[in-house]
Structures are given as structure tokens and as C-alpha cells.
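Okay, so here's the structure we're looking at.
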Amino acid sequence: MYTDLEHVCEEQIEMSKPNEVSDFDLLADSGYTEDMSQLSPVKNVDKSDSHLCCPSLNFSDDEMDQNCIEKRNTIEDSDVEPQHIRNSIIKTDIEFIEREITPARIKVEEILTSDDDMFCTCPIFCLPREITMKIFTYFTQPELCCKLSRVCKSWYDYAFDPSLWKVIDLHNYRNIPSVNLCRLIAKATNLRSLLLHGRENISESEVAVFTEYTSNLQHLDLGFCQNMNIPMLSIIVNKCPMLESINLEGDTCLKPGSLQILSRCEHLKEMNFSHCILENMDLHHLAKNLETIRSLNIDGISWIDDEPVIYLLQQHNEYLTKLVIDGAEITDDCYESIAKCSYLTLFEASFCELLTDKSLEYLQNLNKLKKLRLRKGTEFTAVGLMNFFSSPGIKHLTSLDMSECTGCDDSCVSQLAQSCGKTLKQLSLCWCWHITDRGATSVVDHCRDLELLNLQGIKSMTGDSFARIPTDMPFLTMLCLSHCNMIKDELIEDVVRQKKNLTVINYYGETVVFEKSCHLLKDDLQN
């Protein structure tokens with residue numbers, strides 16, 4: 001079962017802060033380690049392989065430091081080549097992790113016997129295992145690690161049942177020691193998704209160890225892991241043959257050409273390379289060697305131009321469902337190829353300054369689009385936008401971002417509100433200066449199900465129609481009116497007072513929430 005650790009209680013999150021013990025760190029202290037004895041040391045890791053050539057990982061464990069310091073000092077004083085020095089340090093790190101995740105058996109027979117006697121009459125042990133496991137699915141993974149696994153041997157077995165550990169999300173636990181990380185992954189024998197987003201000090205040694213236990217891994221998130229490099233990618237590709245999606249967002253240590261390694265993942269279909277350092281040849285290689293590409297994110301890579309994107313679209317237009325590009329060097333010619341991706345449900349482009357109304361005509365053919373972002377389309381005309389918003393292709397949109405499309409005026413907004421207002425959940429029209437209260441009124445009239453509305457920078461709007469938000473837009477939870485200097489604070493405060501779950505960003509960029517309105521209401525009553 002997927003467990004979202006983002007919603008762990010405040011106490012658990014506090015435990016994960018630096019210099020404090022996190023719930024996952026407590027794995028090292030668990031008293032019931034009987035079933036962990038089945039783990040064998042890491043096998044098939046060539047510890048002298050030349051691809052393990054990064055500086056040694058810096059574990060936070062004191063024992064790790066003591067374990068390696070003598071070895072490191074000896075190496076530093078020798079005349080060995082730097083390559084051999086680094087390989088030897090990596091070898092030491094791997095040996096340490098191997099030894100630590102292969103726990104020694106401890107004598108707990110008397111404790112376990114007393115536990116079994118104590119709990120044999122507990123009603124939960126009268127239930128079939130399937131029902132008990134269903135009950136355990138309602139606990140978070142930190143609760144399973146820190147609390148339930150310590151009750152008794154049976155509960156330990158339940159807490160670490162592989163069916164509860166198909167997904168491990170550690171983006172809120174970026175500093176978990178490597179030994180504990182590897183121990184946790186080693187127990188998740190049915191692991192399908194591993195999220196290490198933003199992990200600090202990730203190293204080749206660490207990756208070499210935990211990938212030994214992830215042969216069935218399908219989804220891997222290594223976004224913003226700044227130490228990612230080619231050797232790590234090689235280890236992942238070799239040890240995770242079933243990988244279907246990978247997130248390397250913001251990993252700027254990857255060099256052009258490094259992604260050619262991923263073409264060996266024959267099951268790879270979804271990739272996020274946002275704000276990485278890639279070149280045209282990387283897209284060429286992936287498009288040529290991967291059998292199916294369904295989702296690709298290359299946002300924040302402004303130097304990629306038409307040619308490799310068109311080639312990729314020609315090879316994979318029958319499969320592609322999600323495409324995110326930077327757009328700075330993309331022209332109308334590329335959009336003609338994008339329009340042939342008939343299954344595209346999400347398309348986003350950050351900079352559309354080279355585009356004309358011709359691109360909007362092409363996009364009208366995408367009848368399955370649900371999410372569309374065309375930011376900074378400064379060359380789009382009001383006529384072109386009107387025709388686009390009148391097309392059947394946008395009627396299924398749930399999210400639309402046309403920010404900085406300066407040709408968008410009240411008539412365009414009125415048309416889009418009537419065409420897809422019934423399905424829209426999110427709408428952003430930032431810095432569309434020609435929109436006035438007439439356009440805002442159309443949104444309030446026709447977009448009843450909106451959850452997010454961003455009108456930042458529309459300075460000629462007074463927002464009188466927003467007084468109807470509490471009754472006419474019941475699902476709206478976020479309203480951004482930053483730099484809308486014609487809207488009065490009194491209006492915003494009155495709306496927030498009536499609609500308690502609404503957060504408004506006012507002209508100054510300040511957040512106006514219900515708590516603030518409570519004080520205002522209290523002051524009114526006192527007066």
C-alpha cells in the first residue's frame with residue numbers, strides 16, 4: 001500500500017530533523033531481528049571495479065567514521081594512484097554497510113516466549129492474517145518501524161510484511177544514515193517505488209549496496225540528489241532491470257552524454273530530466289534506443305531546439321501522453337509534430353516567445369488534453385486565442401496556464417470560461433494585462449469547480465465579482481491576487497471571513513487566511 005510520509009504527524013517529522021533520531025533511524029535499534037537473519041551479505045558487487053570511483057561517502061554514524069579513518073589515513077600517506085585510492089575507500093565503505101545490514105542473531109528466546117504467552121489471548125491473534133494485515137495498512141511507515149514492530153515478534157513480522165513496503169518515500173528523511181537506509185530497503189523484498197528526492201550525500205557505495213535488493217524496482221526518484229553521476233546510473237541500470245520511470249530532476253552533476261546509459265533500460269517509459277544539463281544528442285539517443293516513451297520532462301533546458309524534439313515525436317507519437325519542454329528554442333514547426341501525438345493528455349511549455357497563432361491551430365487537434373501550460377506566448381493574438389478557446393480540443397481541460405500571454409483579453413477569457421469552465425480545476429492568467437473585471441466575472445460565472453485561481457499582476461481589475469466566491473465557487477482554496485493593486489484589502493478580508501478554507505495572496509504577496517480573519521471579526525464584535 002502506498003503510504004505518503006508527507007502527512008506524518010508533527011511529532012514524527014520533528015524526529016527527522018538533524019541531530020535528532022528519526023523514526024527510520026530507529027530501525028537500527030529494533031529488538032526483534034529474528035527474521036532479519038535471513039538477509040545475506042551483498043553479492044555480485046565487484047568492489048574493485050573501476051566504475052566505483054567517487055570520493056567516499058560521509059556517513060553520519062560515528063562507528064562508520066571510526067571504521068574508515070585508519071584505512072583512509074593509510075591510503076592518504078601512500079603513493080598509490082588516485083584511482084586506486086578512491087576504489088579502496090569505496091571498498092571499505094561497502095564492506096562496512098554489508099556487515100551492518102547483515103545483523104548478528106541475538107538470543108531473545110525467553111523474551112519471545114513470554115511475548116507469545118502474553119499475547120496469545122489477544123483478540124487480534126484470533127483474526128485471519130489477511131484481516132490483520134488490512135488493519136496494519138492504516139498505519140504510516142514510521143509508525144510501523146518505530147512503534148508496532150516493537151510490540152512482539154508477531155507484530156514485528158506484520159509490520160515488515162513486504163506487502164506494506166511496496167513504496168518507500170524518504171523525501172522528508174534526507175539525512176537518514178546509509179546503514180539504516182540499506183537495512184530498510186533490504187527488508188522491502190517487494191519494493192516497487194523508491195523516493196529519495198533531495199537525499200544529501202548520496203554515494204556510489206550506498207547505491208551499490210541498496211540496489212542489490214531492488215531487482216523488482218519500477219519507479220525511482222532521485223531528483224535534486226546533487227551527487228548523481230555516471231557510475232551511479234550504471235549501477236542502477238545494471239541492478240534494476242525492471243525500471244519503468246526515473247526522476248533525475250535538478251541533478252546538475254550529470255554531464256551531456258550520460259543519459260545514453262539509460263537506453264539500456266528496455267522497460268523505461270517515463271523520465272524527468274528537468275533542469276539537468278543535457279544536449280540534443282541525449283534526446284536523440286533516448287528516442288532511438290528506447291522502445292516506448294510515454295512521459296518526458298525536459299523543462300529548464302533552454303538550449304534544446306526543434307530538431308531532436310521532432311525526431312523524438314516522430315518515433316514515439318503513438319505512445320506519448322505527457323510532454324514538458326522549456327520552449328525557448330522551439331518554433332511552430334515543432335508544434336506541428338506535437339499535434340500528431342493524439343494521446344497527449346498533458347503538455348507544458350515554459351517559454352513560447354517564438355510561437356505564433358499557427359501553433360495554437362496545431363494544438364486544436366489534441367482532443368485528449370487535460371492539462372495545458374503555454375507561458376509567455378507574447379506573439380499570440382487575441383484572434384488566435386479566441387479561435388483556440390473555441391475549439392473542441394480544450395473542452396476536457398482541468399488545468400490551464402496561459403500566464404504572460406499578453407494578447408489574452410476579456411473576450412478570450414469569456415470564451416475559455418464557457419468552453420471548459422465546467423471541467424477546470426486550476427486556472428492561471430498571470431500578467432495578462434488586458435483582462436479586466438469583465439473577464440474576472442466570466443470566470444466566477446462559469447468556473448464553479450475551480451480549486452486554484454491565479455490572477456497575479458492584473459492591475460486594472462477591482463475584483464467586485466469576487467464577493468460571490470463564497471457562494472458561487474465552493475471548491476476554491478487558493479486565490480492569488482499579488483500585484484493586483486486595484487483590489488481593496490477589505491474585499492479580500494470579507495471573502496476570507498465567509499469562506500474559511502480559502503487562502504488568498506494579497507497585493508503585497510502576504511497570505512490572508514481564516515486565522516487572520518478571526519481576529520478581524522473579533523475586533524468588529526468588540527466595536
Side-chain angles (χ1 to χ4, degrees), residues 1-36 39 60-61 101 103 115 119 122-125 127-200 202 206 210 213-214 216-225 245 247 477 501:
M1 187 194 76
Y2 181 83
T3 305
D4 187 359
L5 299 183
E6 188 174 4
H7 302 292
V8 175
C9 65
E10 182 177 350
E11 176 184 77
Q12 294 167 331
I13 294 178
E14 287 296 322
M15 294 177 68
S16 69
K17 293 181 178 179
N19 302 321
E20 297 182 18
V21 180
S22 74
D23 292 329
F24 287 111
D25 293 342
L26 290 170
L27 278 171
D29 303 323
S30 180
Y32 295 98
T33 57
E34 273 282 300
D35 64 337
M36 292 182 67
L39 299 179
S60 60
D61 311 75
I101 67 171
D115 280 345
F119 290 97
C122 179
I124 195 171
F125 291 103
L127 298 174
R129 182 177 179 87
E130 293 79 8
I131 296 179
T132 304
M133 287 305 306
K134 179 63 177 178
I135 295 173
F136 271 62
T137 63
Y138 290 96
F139 293 97
T140 66
Q141 289 179 337
E143 289 172 339
L144 294 173
C145 287
C146 179
K147 300 175 182 178
L148 276 72
S149 66
R150 297 182 163 204
V151 174
C152 65
K153 181 179 182 298
S154 296
W155 280 40
Y156 183 91
D157 293 337
Y158 286 132
F160 286 106
D161 189 285
S163 65
L164 301 177
W165 295 89
K166 293 182 179 180
V167 176
I168 295 180
D169 185 351
L170 297 173
H171 79 277
N172 280 334
Y173 300 85
R174 299 179 180 181
N175 294 310
I176 179 175
S178 293
V179 169
N180 292 357
L181 171 68
C182 294
R183 180 183 289 115
L184 177 63
I185 294 176
K187 292 189 65 61
T189 57
N190 200 24
L191 187 63
R192 294 295 186 268
S193 297
L194 177 61
L195 290 78
L196 298 176
H197 195 89
R199 177 161 178 76
E200 300 178 4
I202 191 170
E206 183 176 274
F210 76 65
Y213 303 96
T214 57
N216 295 320
L217 194 68
Q218 297 175 345
H219 311 286
L220 178 62
D221 184 350
L222 296 172
F224 293 99
C225 295
S245 71
N247 180 11
T477 57
N501 65 335

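All values reported here derive from a predicted model rather than from experimental measurement.
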Show, in sequence, the C-alpha distance, side-chain angles and deciding distance for Tyr213 and Lys187, and conclude whether the side chain to side chain contact (heavy atoms under 4.5 Å, CB included) test is met. CA-CA 8 Å; Tyr213 303 96; Lys187 292 189 65 61; over 6 Å; no
If you compare all heavy atoms of Arg174 against all heavy atoms of His197, which two are closest, and at what distance to 0.1 Å? NE-O, 3.6 Å
Taking all non-hydrogen atoms of both residues, which atom of Asp157 and which atom of Arg129 are closest, and how far apart? O-NH2, 4.2 Å
For the backbone of Ile176 and the side chain of Arg199, can you confirm whether one donor and one acceptor N or O come within less than 3.5 Å of each other? yes
Less than 4.5 Å apart, any side-chain heavy atom of Leu184 and any of Cys145? yes
Look at the side chain of Arg150 and the backbone N and O of Lys147, then say whether any donor-acceptor pair between them is shorter than 3.5 Å. no
Between NE2 of His219 and NZ of Lys166, what distance do you get to the nearest 0.5 Å? 11.5 Å
CZ/Arg183 to CZ/Phe210 distance, rounded to the nearest 0.5 angstrom? 16.0 Å
Taking side chain as C-beta onward, heavy atoms only, is Leu164 less than 4.5 Å from Met133? yes
Per side chain to side chain contact (heavy atoms under 4.5 Å, CB included), Leu195 is matched among Asn247, Leu220, Asp221, Leu170 by Asp221
Going from OG on Ser193 to CG on Leu191, what distance comes out if it is rounded to the nearest 0.5 angstrom? 7.0 Å
Distance in Å, Ile202 CD1 paired with Phe224 CZ, rounded so as to fall on 0.5 Å steps: 14.5 Å
Quick one: CG on Leu217 to OG on Ser245, what's the gap to the nearest 0.5 Å? 8.5 Å
So, Asn190 side chain and Arg192 main chain: donor-acceptor pair closer than 3.5 Å or not? no
Heavy atoms of Ala159 and Leu144 approach each other most closely as CB-O, 3.6 Å
Does the plane of the ring in Phe160 sit parallel, tilted or perpendicular to the ring in Trp165? Use 30° and 60° as the thresholds. parallel
If we only count heavy atoms from C-beta on, is the Asp161 to Phe136 side-chain gap below 4.5 Å? no
Applying the side chain to side chain contact (heavy atoms under 4.5 Å, CB included) test to Ile168, which of Leu196, Leu194, Leu181 qualifies? Leu194
